Every structure is written in structure tokens, then in C-alpha cells.
Q: 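Quick one: the structure is below, and I'll ask about it shortly.
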Protein chains: 2
Amino acid sequence: MKIAVLGTGVVGQTIAEKLAALEHDVTMGTRDVKKALATTGKDMFGRPAFGEWYSGHANIKIATFADAAIFGEFIVNATNGMGSLNALEQAGKENMKNKILLDVSNPLDFSKGMPPSLSVSNTDSLGEQIQRAFPETKVVKSLQTMNAYLMVNPSLVPGDHTVFLGGNDTEAKLKIRGLLITFGWKDENILDLGDITTARGTEQMLPIWVRIMTTLQHPFFNFRIVVGQPPQV
Amino acid sequence: MKIAVLGTGVVGQTIAEKLAALEHDVTMGTRDVKKALATTGKDMFGRPAFGEWYSGHANIKIATFADAAIFGEFIVNATNGMGSLNALEQAGKENMKNKILLDVSNPLDFSKGMPPSLSVSNTDSLGEQIQRAFPETKVVKSLQTMNAYLMVNPSLVPGDHTVFLGGNDTEAKLKIRGLLITFGWKDENILDLGDITTARGTEQMLPIWVRIMTTLQHPFFNFRIVVGQPPQV
């Protein structure tokens with residue numbers, strides 16, 4: 001399938017690489033292609049800058065947000081949550097019309113340092129903001145409750161653990177479920193919570209995610225929903 | 001130990017019953033003792049009203065918030081989160097001075113219907129508000145990320161799952177850890193996240209908790225933090 005991955009950070013890179021390995025035809029979208037390709041050296045986390053990473057991935061194309069969105073039959077929003085609405089505006093409403101948008105972003109605001117706060121939360125969510133701004137796009141919120149490497153390789157954490165789905169379009173969620181299974185997720189570990197308003201719940205898991213990462217000093221963990229039976233009365 | 005359990009709802013009842021079964025000397029605290037004891041019949045969830053429940057629990061005493069706080073060497077805040085600060089004011093700052101307060105409340109606001117929102121979240125939490133209002137009390141946030149029955153009987157959900165701890169006083173957290181172990185929690189499933197600001201994280205788990213309960217149609221589940229190893233680079 002032709003897939004656009006918007007965003008060139010670690011999340012976009014990790015998802016693009018996995019999709020290409022699964023033999024999808026992947027175009028990454030960015031604000032300024034020349035600028036993205038010109039980055040060299042290591043980023044603040046010691047990872048290769050996008051330009052270096054990209055030179056080692058001949059099977060992945062890069063384009064503007066709009067050209068990537070035109071290309072993709074299916075679109076992944078892996079942009080920084082604080083800039084997602086703007087990036088998607090650049091991708092273009094018409095270019096995303098009737099397409100599925102897998103939204104893996106989080107509205108994390110690091111402007112006041114650690115721990116981050118959420119720029120939208122409680123009575124609204126970034127997932128809902130995106131769905132409202134692009135009503136003819138089928139937004140599915142998923143995967144954003146974990147580290148990027150784990151999104152595409154759940155076996156990095158042993159045993160069963162959970163990935164959530166939320167969105168208004170049942171068929172779109174079934175397609176994302178299918179994609180997640182190709183990433184290595186077991187069907188029984190994919191929990192569909194309901195419509196896009198459930199993004200309030202999954203986005204508000206980020207504050208504890210950050211605290212757990214701080215406690216463990218690494219991000220290779222996930223939430224598992226362990227279910228019992230109601231006691232017999 | 002002499003323990004005050006503030007709040008006569010299902011959370012207060014469940015914790016008081018467990019503590020009494022563990023042979024602690026328990027006094028429940030309420031706003032208006034006569035009024036609480038006068039309740040009869042079933043509540044909106046089909047459970048016996050406090051008055052009926054209490055008549056079957058001869059080993060538990062009841063008093064005003066203040067008298068209960070004076071009695072308790074150790075205090076549990078099991079009041080409704082929206083009313084907790086007011087209830088604790090009635091319990092009295094002096095009466096809680098230098099004592100450990102286990103805060104199991106959540107700032108859930110049902111005033112606009114389901115799903116509830118949080119009356120404080122993101123850049124603050126009820127746990128922090130309580131700690132600020134009662135600076136000489138050692139507030140430990142715990143247990144409030146799950147159903148009340150599960151708090152005192154983790155085996156209601158099979159296998160391993162997680163209970164969080166947050167608070168500024170290390171010794172107080174160790175004592176709560178010990179108490180949780182007497183409730184049936186395994187030491188390795190008790191995750192200390194750090195200071196009381198981590199209550200932002202645990203309180204913000206409630207929105208997804210409510211959505212999962214809605215999806216499963218029962219509250220007998222819990223979060224487990226499943227931890228992997230950082231990949232070898």
C-alpha cells in the first residue's frame with residue numbers, strides 16, 4: 001500500500017522503516033525537504049540526524065507534507081503533537097479526504113521543562129481536535145501510549161501487553177487492527193475503547209508514562225490491561 | 001493500629017472492612033454521623049446504604065471527621081474527590097499533624113454526566129492540593145487507579161498487576177507499602193513513582209480507567225506495567 005508518514009522524528013522514522021520492511025511504498029512528509037535532508041551529526045539523544053538516517057534508507061521517499069498526503073492512500077501522523085494541527089493543515093484537507101489517518105501523536109508540552117504537561121487534555125484531546133479539523137478524514141488514535149520502537153516491535157517487552165484503538169469509523173479501526181497485527185501485535189492485545197473521544201483517556205496516560213520511564217530509567221515497558229471476572233454474588 | 005477511614009461510600013466501607021479484618025482498630029469518619037446511620041435501603045448501584053452496611057459491622061466505629069482524625073494514628077482519605085479538601089478541613093489540620101494520610105480519592109467530576117472529567121489535572125492534582133493544604137501531614141497517593149474491591153483483594157484479577165505509590169515522605173511510603181502487602185499485594189507489584197506530583201500521572205489514569213470499564217462492562221481489571229530490557233546497541 002502507498003503510505004504517507006508525516007513527521008521525520010524518531011517516531012516517523014521507526015514507523016516508516018517498519019512499513020517499508022513490510023513492503024509498503026512509503027513517503028515521509030516534512031515541512032521543508034531540503035532542510036530535513038541537510039541535517040547531519042547526532043541529535044540531542046545521540047541518534048543520527050534525519051539526513052544521515054535517510055541516506056541509509058533508499059527504499060523510503062521524502063516529500064512535503066502536501067505531496068506525501070497526496071501520495072498516501074493511508075496516512076500516519078507522527079509529527080510532534082504541539083505542531084500536528086499545523087502540519088496537517090499543510091498536508092491539506094482535500095489531500096486527506098476519505099483517507100484513514102493513524103494518529104500516533106501526543107500533545108506533550110515540554111516548554112516548561114520536565115515533566116511535560118499536555119497542551120490539551122481532560123475535556124478534549126488532540127485526537128478529537130484533529131478529527132474536528134478534518135471531518136472527512138477517518139482519524140484512528142493508536143500506538144501513542146508507548147515508545148516508538150515498541151509500537152512496531154511489541155516483542156521488545158515480553159509477554160502480553162496492550163495497545164489501544166479509538167476512532168469514529170469502525171472499518172478504519174479494523175484496518176488499523178490489521179496493520180497492528182502485521183507489526184507483531186496479537187489480536188487479543190488490541191483493545192478498541194470506542195470513538196475518538198477515548199483519545200482523552202489514552203493521551204492522559206502520557207503523564208504516568210513519563211513518570212514510569214523516569215523511575216525505570218528506560219522506555220521499554222508497556223501497560224497491560226489484566227482482566228478478571230466479576231465476583232459471583 | 002488505630003486507623004481512621006474518612007468517607008462512608010463503597011471505597012471507605014471496603015477499606016474499613018479489610019482493615020478491621022486485619023484486626024486494626026477502625027473508626028470511620030463522616031460529615032454527619034446521625035444522617036449516615038439513618039440511611040436505609042439500597043443506593044443507586046443496588047448496594048446496601050451505609051446505615052444497613054454499618055449495622056452488620058460491629059467491629060467498626062463511626063464518628064465525625066474530626067473525632068475520627070483524632071482517633072487515628074493513621075488516616076485514609078476515602079471521601080469523594082470533589083469533596084475531599086472540605087472533608088479534610090473538617091477533619092482538622094491539627095488532628096492530622098505528623099500523621100500519614102493515605103489518599104485513595106480521585107477528583108472525578110460527574111456533574112456533566114458520563115464520562116466524568118477531572119476537576120484538577122495536568123499541571124496539578126488532588127494529591128498535591130491535599131499535601132499543600134496539610135503540609136505537616138504525610139500524604140501518600142495510592143490504590144486509586146482501581147476498583148475498591150481490588151484495592152484490598154488483588155487476587156480478584158489473576159496474576160501480576162500494578163499498584164502505584166507517590167508521596168514526599170519515604171518512610172510514609174514504606175509504611176504504606178507494608179500495609180499494601182497485608183492487603184495481598186506482592187512487593188514487586190508495588191511501583192513507587194516518586195513524590196506527590198506523580199499523583200498527576202495516577203489521577204490522569206482515571207479517564208482511561210472509565211473507558212476500559214465501559215468497554216469491558218465491569219470494573220474487575222487493573223493496569224500492569226510490563227517491563228522489558230533496553231535493546232543492546
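None of these values were measured; they are calculated from a predicted model. Letters A, B, ... are given to chains in the order of the sequence lines, protein chains preceding strands, and every chain is numbered from 1.
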Q: Inspect the surroundings of NZ in B/Lys175 and state if more than 12 heavy atoms from other residues, nucleotides or ligands are less than 6.0 Å away.
A: no
Q: Within this structure, what is the OG1-CD1 distance for the pair A/Thr202 and B/Ile212, rounded to the nearest 0.5 Å?
A: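 The OG1 atom of A/Thr202 sits 10.0 Å away from the CD1 atom of B/Ile212.
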Q: Heavy atoms only: give me the nearest A/Gly228-B/Pro158 pair and the separation to one decimal.
A: CA-CD, 3.7 Å
Q: Tell me, side chain or backbone of B/Asp124 under 4.5 Å from chain A's heavy atoms, or both, or neither?
A: neither
Q: With a 4.5 angstrom heavy-atom cut-off, could you sort out which part of B/Asp192 is near chain A: side chain, backbone, both or neither?
A: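 For B/Asp192, the contact with chain A is made by the backbone alone.
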Q: Quick check on B/Glu203 against chain A: is it the side chain, the backbone, both or neither that has a heavy atom closer than 4.5 Å?
A: neither
Q: Taking side chain as everything from C-beta outward and backbone as N, CA, C, O, which of these in B/Ser121 sits under 4.5 Å from a heavy atom of chain A? Side chain, backbone, both or neither.
A: side chain
Q: Top residue by heavy-atom pair count (under 4.5 Å) with chain A, among B/Asn147, B/Val227, B/Val226, B/Val157?
A: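 Most heavy-atom pairs under 4.5 Å with chain A: B/Val226.
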Q: Can you find a side-chain donor-acceptor pair between A/Thr197 and B/Arg211 that sits under 3.5 Å?
A: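 Note: A/Thr197 and B/Arg211 side chains meet the donor-acceptor criterion.
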Q: Where on B/Asp109 is there a heavy atom nearer than 4.5 Å to chain A: the side chain, the backbone, both, or neither?
A: neither
Q: Around A/Gln217, counting heavy atoms of other residues, nucleotides and ligands shown, do more than 12 lie under 6.0 Å from its CD?
A: no
Q: Return the option, out of A/Leu150, A/Thr215, A/Asn122, A/Leu156, with the maximum number of heavy-atom pairs under 4.5 Å with chain B.
A: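 So the answer, after comparing A/Leu150, A/Thr215, A/Asn122, A/Leu156, is A/Asn122.
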Q: Can you measure from CD1 (A/Ile208) to OG1 (B/Thr145) and round to the nearest 0.5 angstrom?
A: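 Rounded to the nearest 0.5 Å, the CD1-OG1 separation comes to 7.0 Å.
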Q: Is it the backbone or the side chain of B/Ile225 that comes under 4.5 Å from a heavy atom of chain A, or both, or neither?
A: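 Looking at B/Ile225, backbone and side chain both touch chain A.
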Q: Quick one: CE on A/Met205 to CE on B/Met205, what's the gap to the nearest 0.5 Å?
A: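 Answer for the CE-CE pair, A/Met205 versus B/Met205, is 5.0 Å.
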Q: Side chain from CB out, backbone as N, CA, C, O: work out which of these in A/Leu216 comes under 4.5 Å of a heavy atom of chain B, or both, or neither.
A: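 Contact with chain B involves the side chain of A/Leu216 alone.
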Q: Rounded to the nearest 0.5 Å, what's the gap from CG on B/Leu118 to OG1 on A/Thr123? Could you check?
A: 10.0 Å
Q: At a heavy-atom separation under 4.5 Å, does B/Tyr149 approach chain A through its side chain, its backbone, both, or neither?
A: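 No part of it gets close to chain A.
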Q: More than 12 heavy atoms of other residues, nucleotides or ligands under 6.0 Å from CD of A/Gln229: is that the case?
A: no
Q: Can you tell me how far CZ of A/Phe223 sits from CZ of B/Arg224, rounded to the nearest 0.5 angstrom?
A: 13.5 Å
